[in-house]
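Note: hydrogens, waters and symmetry copies are ignored here, and every other heavy atom, side chains too, is used. Positions are given from 1 along the sequence.
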Amino acid sequence: MTPVEANSVRDLLTFYVESGVDVALDEAPANRFADQLAPAPATDPGAAAAVRPLPELRPAAPAAVAAPPPPLPEEAIMAARAAARSAASLDALREIMAAFEGCALRTTAKQLVFGDGNPKARLMFVGEAPGSEEDQKGIPFVGRSGQLLDRMLGAIGIARSDVYIANIVPWRPPGNRDPSIHETQICLPFIQRQIELVGPQVLVCLGKPSTATLLGVTDGIRRTRGRWFTYRSEAQEIRAMPTYHPAYLLRTPIEKRLAWRDFLAIKKALAG
Ligand code: URA
């Protein structure tokens, strides 16, 4: 195998592992019992026909109980609403979400990525969904995007520990695919309750999916970024601004100058 081929095999295996594959299977089914019955090596001519003994039979394990089918999206959305409403604090909400079985993403993700930062923050950021590093650590925005977000905050004199950060979808979608509409709608009551419990003065939607989901504005992020909207919850109205997602800024650094303007406007709104 050439070094180039070896690299692509490694990349493919890395992709499988990150997508949740943890067992390798052959392409063709293999009869492992036949190996047990194969004639023993003929060291003794008289024993040529000897057959390896079968392993001691153990009582069969009780048949696995089939997992119940995942709830229909409508049922899952209703269940999420009721569960989210019942949370009286962020800690309670975290526990409720960790036990919630209505979103299939939890089965492929390593863990819930709830939220991070000051639970009484005046400034809250909401991204789309955790990536691989967030999934490993259980903390939002700790990968390259998160490090850029920290630097952007630092540039306006705000520490990460002063703000609160969360995502629309709190479980990593396999292979970093976009969350589906159903997954987003199922998780929506949770992020809405999280925003309500933090009660920030300013809410920043990072990227289009967060903007569309929380503010109902479906225009492209180039049109919405830097503009003020109102996020309405049952408890309060919050000034909300969409801005570029840091992952986009990593790919398109020229747009950082516009994000800088947005961050200055955010700083001014917090001072006012
Ligand atoms: N991108 C997101 O939208 N959220 C994270 O937590 C990390 C990357």
query: Does the side chain of Y248 come under 3.5 Å of the side chain of E255 through a donor N or O and an acceptor N or O?
result: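 E255 and Y248 do have a side-chain donor-acceptor pair below 3.5 Å.
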Compare every heavy atom of [Y] with every heavy atom of [X], then report the nearest pair and how far apart it is.
| X | Y | result |
| --- | --- | --- |
| L149 | P246 | CB-CG, 4.2 Å |
| R85 | R193 | O-NE, 4.2 Å |
| Y164 | A166 | CE2-CB, 4.2 Å |
| D262 | G226 | OD1-CA, 3.2 Å |
| P130 | R172 | O-CG, 3.3 Å |
| A129 | P179 | CB-CG, 4.0 Å |

Donor-acceptor check, side chain of [X] to backbone of [Y], threshold 3.5 angstrom: yes or no?
| X | Y | value |
| --- | --- | --- |
| E134 | G143 | yes |
| T224 | P242 | no |
| R227 | R223 | yes |
| R225 | A259 | no |
| T107 | A104 | yes |
| T108 | L105 | yes |
| S233 | A235 | yes |
| N118 | K120 | yes |
| D116 | P140 | no |
| S86 | A83 | yes |

About how many Å separate [atom2] of [Y] and [atom1] of [X], when rounded to the nearest 0.5 Å?
| X | Y | atom1 | atom2 | answer |
| --- | --- | --- | --- | --- |
| Q192 | L197 | CD | CG | 12.0 Å |
| I191 | M97 | CD1 | CE | 7.5 Å |
| I77 | T184 | CD1 | OG1 | 10.0 Å |
| C103 | Q185 | SG | CD | 11.5 Å |
| I158 | L270 | CD1 | CG | 5.5 Å |
| I186 | R81 | CD1 | CZ | 11.0 Å |

Taking side chain as C-beta onward, heavy atoms only, is [X] less than 4.5 Å from [Y]?
| X | Y | value |
| --- | --- | --- |
| M124 | I195 | yes |
| W171 | V113 | no |
| F114 | I139 | no |
| M152 | L249 | yes |

task: List the steps and the verdict of side-chain contact (heavy atoms from CB on, under 4.5 Å) for C205 and V126.
output: CA-CA 5 Å; C205 299; V126 180; 5.6 Å; no
- prompt: For the ring pair F125 and H245, is the centre-to-centre distance below 6.0 Å?
  reply: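 Not close enough - the centres of the two rings lie 6.0 Å or further apart.
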If hydrophobic clusters are built by linking Ile, Leu, Val, Met, Phe, Trp and Tyr wherever their side-chain heavy atoms come under 4.5 Å apart, do [X] and [Y] end up in the same one?
| X | Y | result |
| --- | --- | --- |
| I168 | I238 | yes |
| M241 | L264 | yes |
| W260 | V202 | yes |
| L206 | L123 | yes |
| V163 | Y231 | no |

message: Can you confirm whether Q201 is buried at CD, in the sense that more than 12 heavy atoms of other residues, nucleotides or ligands lie under 6.0 Å from that atom?
response: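 Yes, the 6.0 Å shell around CD holds more than 12 heavy atoms from other groups.
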- prompt: Is it true that atom CD of Q236 has more than 12 heavy atoms of other residues, nucleotides or ligands lying nearer than 6.0 Å?
  reply: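 Yes, the 6.0 Å shell around CD holds more than 12 heavy atoms from other groups.
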- request: I would like to know whether E128 and D178 meet side-chain contact (heavy atoms from CB on, under 4.5 Å); could you show each step before the answer?
  value: CA-CA 9 Å; E128 184 181 16; D178 293 342; 4.2 Å; yes
query: Can T211 and T218 be said to form a side-chain contact (heavy atoms from CB on, under 4.5 Å), step by step?
result: CA-CA 8 Å; T211 304; T218 51; over 6 Å; no
field: Salt bridge flag under 4.0 Å for residues D219 and K208
entry: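 No salt bridge links D219 with K208.
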query: Between E183 and R106, is there a salt bridge with N-O shorter than 4.0 Å?
result: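 The answer is no: the pair does not qualify as a salt bridge.
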- prompt: Is there a side-chain contact (heavy atoms from CB on, under 4.5 Å) between L203 and R239 once you walk through the steps?
  reply: CA-CA 6 Å; L203 177 68; R239 297 190 79 191; over 6 Å; no
